[in-house]
Amino acid sequence: MRYVRFLHDGTPYLGTREGNKIRILGEESIESLLAAGIDLETYAGTRGGGKLVDEADVAYLPVVEHPAKIFCIGLNYADHTKESKYEQPAYPTIFPRYDTSLVGHGQPIVRPRVSDSLDFEGELAVVLKRGGRHIRKEDALDCVAGYALFNDGSVREYQFLSPQWTVGKNFDATGAFGPELVTASEVPPAARGLRLETRLNGEVVQSASTDDMIFDIPTLISVISEAITLEPSDVIVTGTPAGIGWARTPKLLMRAGDVCEISVTGFATLRNPIADEN
């Protein structure tokens, strides 16, 4: 099943995509359904035939608007670690994102007025349907509700002002999330073997297989749960491969008028224009 969250005539809805149409299911959010323990694999089938609206008449919202928590994983592809001139860590590099930084598919990623160093990072995100502590790797995939695409837009100047990266990863409207939540049954186990690509103005700037992750999805779920109680609607953004603009000579940074696209095999493309902060 493929769920989308959107505005239509000013009202936020949950729906499913059917070609260039969206079927309205109701006003529930993904996070509210997950918190209630509702199975997303079967939920849409229980709702009957809702109204169909044209995709052109909706404004996409982040597919999960208010996750319980967002964990981002840095340095999870060896080629990206190398281009960033870090030693490859033996433990996942984990930092938070906050929901005020999220934007939906088709909505502008905003370059802040205080910096011109807005960079792209195409990633695959995991949304959890259940959590807990000390989750075993062999049980971790039982916690996954589905997957979505993420652009971990990074304000590099602020990211590197201190040893931790949180501020540079949390400017408002820099994290694009969507366009759809693809439930786990439609994705290979642990999302292995998928091609992840980022395109800036139509040019491929990042391309890798999800098999290249150093810490795979079961490992990430298990390791995080050693320290932190995982909850329904938690999101894990699993890291970006090589090709970031900051590592290039000359640097390739996102400017107003650019369009950045993230694609993964079998998923609808996440596409966002870039705009300057007013």
Side-chain angles (χ1 to χ4, degrees), residues 62 72-89 93 95 97 101-125 148-179 194-210 212-214 237-265 267-278:
C72 292
I73 309 301
L75 309 179
N76 202 24
Y77 288 77
D79 55 358
H80 173 55
T81 303
K82 182 177 180 180
E83 73 174 356
S84 302
K85 302 188 178 356
Y86 286 100
E87 293 294 324
Q88 184 62 56
T93 301
F95 57 91
R97 252 196 190 264
S101 73
L102 301 179
V103 296
H105 166 70
Q107 305 307 308
I109 293 174
V110 176
R111 189 178 75 149
R113 67 177 69 173
V114 295
S115 175
D116 65 355
S117 63
L118 179 62
D119 204 353
F120 49 83
E121 290 194 5
E123 311 198 20
L124 181 69
L149 307 187
F150 203 95
N151 191 342
D152 186 29
S154 303
V155 183
R156 299 297 187 193
E157 285 177 292
Y158 280 77
Q159 180 180 348
F160 299 124
L161 285 177
S162 69
Q164 53 80 24
W165 302 342
T166 304
V167 172
K169 297 286 192 170
N170 276 284
F171 275 73
D172 285 359
T174 56
F177 188 22
L194 304 179
R195 176 59 50 177
L196 166 65
E197 288 192 345
T198 303
R199 294 181 295 277
L200 186 63
N201 300 324
E203 178 184 352
V204 174
V205 289
Q206 293 182 288
S207 182
S209 170
T210 54
D212 296 337
M213 289 184 196
I214 293 166
V237 186
T238 58
T240 201
I244 62 166
W246 192 253
R248 295 167 180 256
T249 304
K251 291 178 169 48
L252 178 64
L253 298 170
M254 295 192 293
R255 308 288 186 190
D258 289 347
V259 175
C260 194
E261 298 172 299
I262 314 298
S263 64
V264 166
T265 309
F267 287 68
T269 297
L270 173 64
R271 180 181 296 106
N272 298 87
I274 313 304
D276 285 338
E277 182 181 7
N278 292 331

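Scope of the values below: all heavy atoms of this structure, side chains included, with no hydrogens, waters or symmetry mates. These numbers come from a predicted model, not from an experiment.
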Is the shortest side-chain N to carboxylate O distance from Arg156 to Glu121 below 4.0 Å?
yes
Indicate yes or no: does Arg97 engage Asp152 in a salt bridge with an N to O separation below 4.0 Å.
yes
State which residue, out of Ser263, Ser207, Ser209, fulfils the side chain to side chain donor-acceptor pair (under 3.5 Å) condition with Arg195.
Ser207
Interatomic spacing from [atom1] in [X] to [atom2] in [Y] - rounded to 0.5 Å:
X	Y	atom1	atom2	answer
Ile109	Leu102	CD1	CG	11.0 Å
Leu124	Phe267	CG	CZ	5.5 Å
Glu203	Leu252	CD	CG	7.0 Å
Leu253	Ser117	CG	OG	6.5 Å
Lys251	Asp119	NZ	CG	9.5 Å
Gln88	Thr93	CD	OG1	7.5 Å

Determine whether [X] and [Y] make a side-chain contact, defined as any pair of heavy atoms from C-beta on separated by less than 4.5 Å.
X	Y	result
Cys260	Asn272	no
Val155	Pro112	yes
Trp165	Tyr158	no
Pro108	Val103	no
Leu200	Asp258	yes
Phe171	Val114	yes
Thr210	Met213	yes

List the atom of [X], the atom of [Y], and the distance in Å for their closest heavy-atom pair.
X	Y	result
Gln206	Ala242	CG-O, 3.3 Å
Glu157	Leu161	O-CG, 3.1 Å
Ile214	Tyr77	CD1-C, 4.0 Å
Pro179	Ala268	CD-O, 3.5 Å
Glu83	Ile244	OE2-CG1, 3.2 Å
Arg255	Asp116	NH1-O, 3.2 Å

Taking the six-membered ring for Trp, are Phe150 and Phe177 parallel (under 30°), tilted (30 to 60°) or perpendicular (over 60°)?
tilted
Are the side chain of His105 and the backbone of Leu270 linked by a donor-acceptor contact shorter than 3.5 Å?
no
Residues, nucleotides or ligands: over 12 heavy atoms within 6.0 Å of Lys82 NZ
no
Contacts of Ala256 meeting side chain to side chain contact (heavy atoms under 4.5 Å, CB included) (sequence neighbours excluded), chain-then-number -> Asp276
Of Val205, Val264, Thr269, Val204, which is the lone residue that meets side-chain contact (heavy atoms from CB on, under 4.5 Å) with Glu197?
Val204
